[in-house]
Amino acid sequence: MDKSKKYCVTSALPYANGALHLGHLAGAYLPADIYVRYLRGLGADVIFICGSDEHGAAITIRAKKDGISPREIIDKYHALNKATFEQLGISFDHYDRTSAPLHHETAQAFFKKLIDKGGELEERLSEQYFDEEYQQFLADRYIMGECPNCANPEAYGDQCERCGTTLSPLELKNPKSMLSGATPILKETSHWYFRLDKHGDWLREWIKTGVLDGQQHHDPKAWKNHVVGQCLSWLDDGDGLQPRSITRDLDWGIPVPMPGAEGKVLYVWFDAPIGYISSTKQWAADNGKNWEDYWKGDPDKLQLVHFIGKDNIVFHCIVFPAMLKAHGDYALPVNVPANQFLNFEGRKFSKSKGWGIEQHEYLEEFADFPNKEDALRWALIRNLPENKDADFKWDEFVDFYDKDLADKLGNFINRVITLTNSYYGGIATASSATVPDNIKGLVESLCEDIEAYNLKAAASTLVEIASWGNQYLQDTAPWAIRKTDPDSPVIALCISTSLQLVNLLAVLCEPFIPFTSLKIRNLLNLPAVKTGELGEVIAKLKNGEALLPAGHQVGQPEILFAKINDRNDKSRLEIIERQKAKLEAILAAEQQSNPEGAGNSTIQQYSPMKDEIQYDDFAKMDIRTATITAAERIPKADKLLKLTVDLGFEQRTVASGIAEQFTPEEVVGKQVLLLANLAPRKIRGVESQGMILMAEDGEGKLSFVQAGEAFGPGLGVK
RNA sequence: GGCGAGGUAGCUCAGCUGGUUAGAGCGUGCGAUUCAUAAUCGCAAGGUCGGGAGUUCAAGUCUCCCUCUCGCUACCA
């Protein structure tokens, strides 16, 4: 930490069309909060910025589906997410929203600056789907059709939510407008593109070496492996960076500030990161500060840090930095400590399958659980997906709570407060007590770990300090000395030294479990840990000064963490058991509807009926019985088999996308149906002369379609 | 197929630029202790560091090949 620097820490702006689950919390919000609280503890000049991302077609679609206005959607989720963060102690200095007028102005000014500068944006004509009935262009999200990848009939124009593939509207089969339900037509429209392609070279150097404009901007080794790896993979991929469209035909969002651009708005990913800037502006206006201090000026004095999940790496490490650089006035992030994903009891979080728990749900269902906020924070901290995907389990939640918080930390503090009260009436007596030297090293490494974003390691060190305290008490055993020599100074020194540790723990744990920190300070009869206090404590440690003066009166002992596994009180365990029971019910329901365990879906999905055709359309197809006589894999293609098919009167070669489900061996000898008069086409170097007919279920599982045994090859199908 | 990230004790993970008998927590076994929330403290067992080859005096750590998991991406008439 450098006191002369301005720290601007951001967490990914949550999208305001739904609630956030524990994975989000562990990915972008909790780590940032710990980092920021730590910096505040050191007295750094730091602001913690976030807000709701409220534009984009997903919100207007959601609104349409629910029969309410987009405004109602964003108001609901903005309020929910903001309140939930507050309850969990995520200590944003400012939580804004991108629907705010100040944000609209800021984003428009940003856009205009790029226009005026020239060379960064360009207008291009392209063909887009257009709904004739509604007389408007369709945003990607307003087009639904069959996913070319997994055949999900309800894929959106930008992404298939079943298989996760990124799509463009033109790739969808049987596209349908979500406004009128009709098949849209292609029509020419113009959009602005950001010339990302011009920024590849300096981005590569910046990410690889940390050098920007000939100056060392940051230490590339301080960035996480997977972050740098993914960025370089993107930069070096194929043709490199491509210009990106930054406007959309939509009536919800920030109007493009150009003449003749009616009906067009800034694409949500362009305006969203600018939200970090506008949110800072609002904070500054509210607090009499200058927002530019945190975004502009000497790059050596600015520490911009983005906390995000790994799905956001490309935007925050490539696109947004390119935007900032193109604009020219802004400093770039010195680190983007992206976390990987958190799974839930062995699977991905899935709202539709009911797998996982959202933040606000947790708060509701754990309403009667004492320390629910810190309990959750701690369970997530101990299991952060810092460098690889992690898994949240209720059993571990219990373990971390009982072992770390109750047995080690809570019990140590309880022991010390109890001893102080019963031996000395709650007054620390030894004046020479200080924090032992070996603890200083632990404090140092705890700080180093936080500054390196190794928060899991830092949390372990915190527990280690409490453990050291337990060990110290055990070894010194003042209760044993007291039997023979009740006035021994060793007893007083032991108790007073332990009290030093308790206060140290209260200060050190504040970034991680702030609610508990406050409770410990109450036990010590001290006010809440204040800004800059961690710095003072570290200075005192260096000088060998006491953290708690002799003669200080502490409060009465009180249980900080009642264990979950408590034989006298099952209430906490029951709350956990309820959660586990919910998951088992989901698994049981799946087992019942799908005894073979082929998949997790409980509902068969049927693809929508296609448009009506005439008999002639059908009669044009020459479908015949056939037998597969040979099969081999096509190199460099995961899904393709090269099949030789016998039609009786001739042999055909067919490339078929079935290799993920069938091996060449099991396919040979199969009776199939072949669409025989399909125009030949070259696929991966193989001339495919026809198409094998397959049936497909809602999950993309394939099955051969065939005639009866007695029918040989080459016979017609009608 | 290409790219990226991972594969280290039963479980969850540390191991920086290669260097003495590979670490921690949880779990397990044994012992100590009673100030404390059936808590605590100590000791012990447990690993061919995914597999194979190579470089080196020396490799979990570097190179190559293979394999499995996760993510992105290409092929799907």
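Atoms considered below: every heavy atom in the structure, side chains included; atoms not considered: hydrogens, waters and symmetry mates. By convention in this document, chain letters (A, B, ...) are assigned in the order of the sequence lines, proteins followed by strands, and residues within each chain are numbered from 1.
- Of the residues in residues 396-408 of chain A, those lying under 4.0 Å from RNA chain B by heavy-atom distance are A:Glu396, A:Asp399, A:Lys403, A:Ala406, A:Asp407, A:Lys408.
- Remark: A:Lys388 is not in phosphate contact with B:C13, judged by side-chain N or O atoms under 4.0 Å from OP1 or OP2.
- Spacing between B:U33 and B:U40 at atom C1', rounded to whole Å, works out to 8 Å.
- When the C1' atom of B:A39 is taken as reference, atom CD1 of A:Ile413 falls 14 Å away, rounded to whole Å.
- Taking atom CD1 of residue A:Ile559 and atom P of nucleotide B:U40, one finds them 13 Å apart after rounding to whole Å.
- Within the model, atoms CG of A:Leu548 and OG of A:Ser498 stand 11.5 Å from one another, a figure rounded to the nearest 0.5 Å.
- At the heavy-atom level, A:Glu660 lies nowhere under 4.0 Å from the strands shown.
- Taking atom CG of residue A:Leu235 and atom C1' of nucleotide B:C72, one finds them 14 Å apart after rounding to whole Å.
- A:Ser467 comes within 4.0 angstrom of the backbone, heavy atoms only, and of no base.
- The separation between A:Asn343 atom CG and B:U12 atom P is 13 Å, rounded to whole Å.
- Side chain A:Asn411 to base B:A36: a donor-acceptor pair is found below 3.5 Å.
- Applying the 3.5 Å distance criterion, the base of B:C35 shares a donor-acceptor pair with the side chain of A:Arg415.
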- Message: The test is salt bridge (Lys or Arg N to Asp or Glu O under 4.0 Å); show your working for A:Asp449 and A:Lys456 and say whether it passes.
- Response: CA-CA 9 Å; A:Asp449 277 332; A:Lys456 253 197 294 197; over 6 Å; no
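- Between B:G42 and B:G4, the two P atoms lie 45 Å apart (nearest whole Å).
- The aromatic ring centres of A:Phe349 and A:Phe341 sit 6.0 Å or more apart.
- Aromatic ring centroids of A:Phe320 and A:Phe315 lie 6.0 Å or more apart.
- A:Asn565 comes within 4.0 angstrom of no nucleic acid atom, judged by non-hydrogen atoms across all strands.
- If you take CG of A:Leu641 and P of B:C76, they are 14 Å apart, rounded to a whole angstrom.
- To the nearest 0.5 Å, atom CG of residue A:Asn383 and atom CG of residue A:Leu22 are 11.5 Å apart.
- Residue A:Lys348 places at least one side-chain N or O under 4.0 Å from the OP1 or OP2 atom of B:G71.
- Across all strands, A:Lys483 comes closer than 4.0 Å only to sugar-phosphate atoms, never to a base (heavy-atom distances).
- OP1 and OP2 of B:G42 both lie 4.0 Å or more from every side-chain N or O belonging to A:Gln474.
- In this entry the distance linking CZ of A:Phe412 with C1' of B:U34 reads 17 Å, nearest Å.
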- Message: If you apply the rule salt bridge (Lys or Arg N to Asp or Glu O under 4.0 Å), what do you find for A:Asp407 with A:Lys563, and how did you get there?
- Response: CA-CA 8 Å; A:Asp407 293 350; A:Lys563 290 186 69 162; 3.0 Å; yes
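- Side-chain contact between A:Val686 and A:Val654: absent, with no pair of heavy atoms (C-beta onward) separated by less than 4.5 Å.
- When the P atom of B:U12 is taken as reference, atom CD1 of A:Ile381 falls 21 Å away, rounded to whole Å.
- Atom name C1', nucleotides B:U12 and B:G54: the rounded distance is 34 Å, in whole Å.
- Comparing B:U37, B:G7, B:G71 by their nearest atom to the side chain of A:Lys310 picks out B:G71.
- Heavy-atom nearest nucleotides on RNA chain B were determined for A:Val416 and for A:Asp638, and the one closer to the 5' end corresponds to A:Asp638.
- B:G15 atom C1' lies 15 Å from atom CD of A:Glu386, rounded to whole Å.
- In this structure, A:Arg377 is not positioned above the aromatic face of A:Phe512 in the sense of NZ or CZ being under 6.0 Å from the six-membered ring centre and within 45° of the axis.
- Here the side chain of A:Ala637 is nearest to one of B:U12, B:A36, B:C75, namely B:C75.
- A:Ala659 comes within 4.0 angstrom of nothing in the nucleic acid, heavy atoms only.
- Side-chain proximity of A:Asp389 to the nucleotides B:C70, B:A39, B:U12 is greatest for B:C70.
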- Note on the structure: Secondary structure of RNA chain B per the Watson-Crick/G-U criterion (both distances under 3.5 Å; [ ] crossing, | other strand, . unpaired) is (((((((..((((.....[...)))).(((((.......))))).....(((((..]....))))))))))))....
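- Relative orientation of the A:Phe369 and A:Tyr401 rings is perpendicular, given thresholds of 30° and 60° on the angle between their planes.
- Spacing between B:G46 and B:A53 at atom C1', rounded to whole Å, works out to 30 Å.
- Comparing B:G4, B:A74, B:C76 by their nearest atom to the side chain of A:Arg681 picks out B:C76.
- Minimum atom distance to the side chain of A:Thr418 is reached by B:A36, of the listed B:A74, B:A36, B:U33.
- Taking only side-chain nitrogens and oxygens, A:Asn470 never comes nearer than 4.0 Å to OP1 or OP2 of B:C35.
- Residues A:Val228 and A:Pro220 are not in side-chain contact: their nearest non-hydrogen atoms beyond the backbone lie 4.5 Å or more apart.
- Using a 4.5 Å heavy-atom threshold, the side chains of A:Val490 and A:Leu493 count as separate.
- Using a 4.0 Å heavy-atom distance criterion, A:Ser460 is classed as making no nucleic acid contact.
- Contacts of A:Phe341 with the nucleic acid, taken as non-hydrogen atoms under 4.0 Å apart, are absent.
- More than 12 heavy atoms of other shown residues, nucleotides or ligands fall within 6.0 angstrom of atom CD in A:Glu577.
- Taking atom C1' in both B:U48 and B:G60, one finds a spacing of 12 Å when rounded to whole Å.
- Remark: A:Arg244 is positioned above the aromatic ring of A:Trp269, its terminal NZ or CZ atom under 6.0 angstrom from the ring centre and at most 45 degrees off the axis.
- Where A:Ala466 and A:Leu560 each meet RNA chain B at their nearest nucleotide, the meeting point lying more 5' is that of A:Leu560.
- Comparing the C1' positions of B:U56 and B:G71 gives an interatomic distance of 36 Å, to the nearest angstrom.
- Checking B:U34, B:C35, B:C13 against every side-chain atom of A:Ala390, the shortest atom distance belongs to B:C13.
- The C1' atoms of B:G6 and B:A14 are separated by 15 Å, rounded to the nearest whole Å.
- Between the C1' atoms of B:C13 and B:G27, the separation comes to 15 Å (whole Å).
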